[in-house]
Amino acid sequence: LVEAQMITLNAVITAYERGCHWCAALYVVQEAQRTSLEVVMITCTAVASACASGLQWLHSVLLVGQLQQGRWGCLTSSVITHNVVVCACQRDGRWTLAIGQLDVMRHRRMLPD
């Protein structure tokens with residue numbers, strides 16, 4: 001049952017991403033957390049991607065920051081999540097933030113792809 005809920009949650013977030021409804025994707029994941037539904041890294045990356053697709057680079061950066069601070073439970077950021085954020089920053093010409101993400105990855109011994 002929990003796995004089916006996660007699949008549904010990720011499908012909803014992906015649909016919001018494709019429809020450029022980044023705000024709705026953020027809301028859905030916040031509600032999932034509020035109702036104690038386990039949020040996995042794929043979900044966080046999908047939300048970051050939805051924000052990036054909606055040209056909301058700041059929300060992507062904030063999400064990764066929250067992951068690094070442990071505000072999402074045991075989850076931490078992944079290479080894929082950082083890549084999404086770098087792309088979001090790049091799209092808006094936020095090169096300093098994009099390079100900052102690469103520095104964070106290097107500090108955490110992650111290899112960008």
Side-chain angles (χ1 to χ4, degrees):
L1 180 61
V2 172
E3 185 176 334
Q5 290 173 333
M6 289 309 307
I7 291 169
T8 303
L9 175 66
N10 292 334
V12 167
I13 290 171
T14 299
Y16 282 140
E17 174 191 4
R18 290 182 182 152
C20 293
H21 297 290
W22 62 271
C23 193
L26 279 173
Y27 175 78
V28 167
V29 78
Q30 289 168 346
E31 282 299 300
Q33 279 190 301
R34 189 182 67 72
T35 60
S36 299
L37 182 62
E38 182 182 351
V39 176
V40 296
M41 183 51 58
I42 294 169
T43 308
C44 293
T45 302
V47 171
S49 184
C51 292
S53 294
L55 302 178
Q56 298 297 317
W57 58 269
L58 179 59
H59 290 289
S60 293
V61 170
L62 292 174
L63 176 66
V64 168
Q66 290 174 353
L67 287 168
Q68 291 168 342
Q69 294 170 0
R71 294 181 59 193
W72 287 71
C74 63
L75 294 179
T76 185
S77 54
S78 70
V79 171
I80 296 169
T81 308
H82 282 283
N83 286 342
V84 166
V85 174
V86 168
C87 289
C89 293
Q90 174 267 324
R91 284 185 197 136
D92 198 45
R94 306 291 176 164
W95 293 106
T96 303
L97 289 171
I99 291 169
Q101 289 299 309
L102 293 173
D103 285 342
V104 168
M105 291 174 73
R106 187 187 54 177
H107 181 268
R108 296 187 62 219
R109 302 186 197 284
M110 294 177 167
L111 296 175
D113 58 355

The reported gap from CD1 in Ile13 to OG1 in Thr8 (rounded to nearest 0.5 angstrom) is 11.0 Å

For residues 26-53, the ring pair (Phe, Tyr, Trp, His ring centres under 6.0 Å) pairs (sequence neighbours left out) are none

Here the salt bridge (Lys or Arg N to Asp or Glu O under 4.0 Å) pairs for residues 11-31, sequence neighbours left out, are Glu31-Arg34

For residues 88-105, the salt bridge (Lys or Arg N to Asp or Glu O under 4.0 Å) pairs (sequence neighbours left out) are Asp92-Arg94, Asp103-Arg106

Those residues at least two apart in sequence (or on a different chain) that pass side chain to side chain contact (heavy atoms under 4.5 Å, CB included) with Ala88 are Ala52, Trp57, Ser60

For Leu26, the side chain to side chain contact (heavy atoms under 4.5 Å, CB included) test, sequence neighbours excluded, returns Trp22, Val47, Cys51, His59

Residues at least two apart in sequence or cross-chain that pass side chain to side chain donor-acceptor pair (under 3.5 Å) with Gln90, listed by chain then number, are none

Taking every heavy atom of Ala25 against every heavy atom of Tyr16, the minimum-distance pair comes out as N-CD1, 3.8 Å

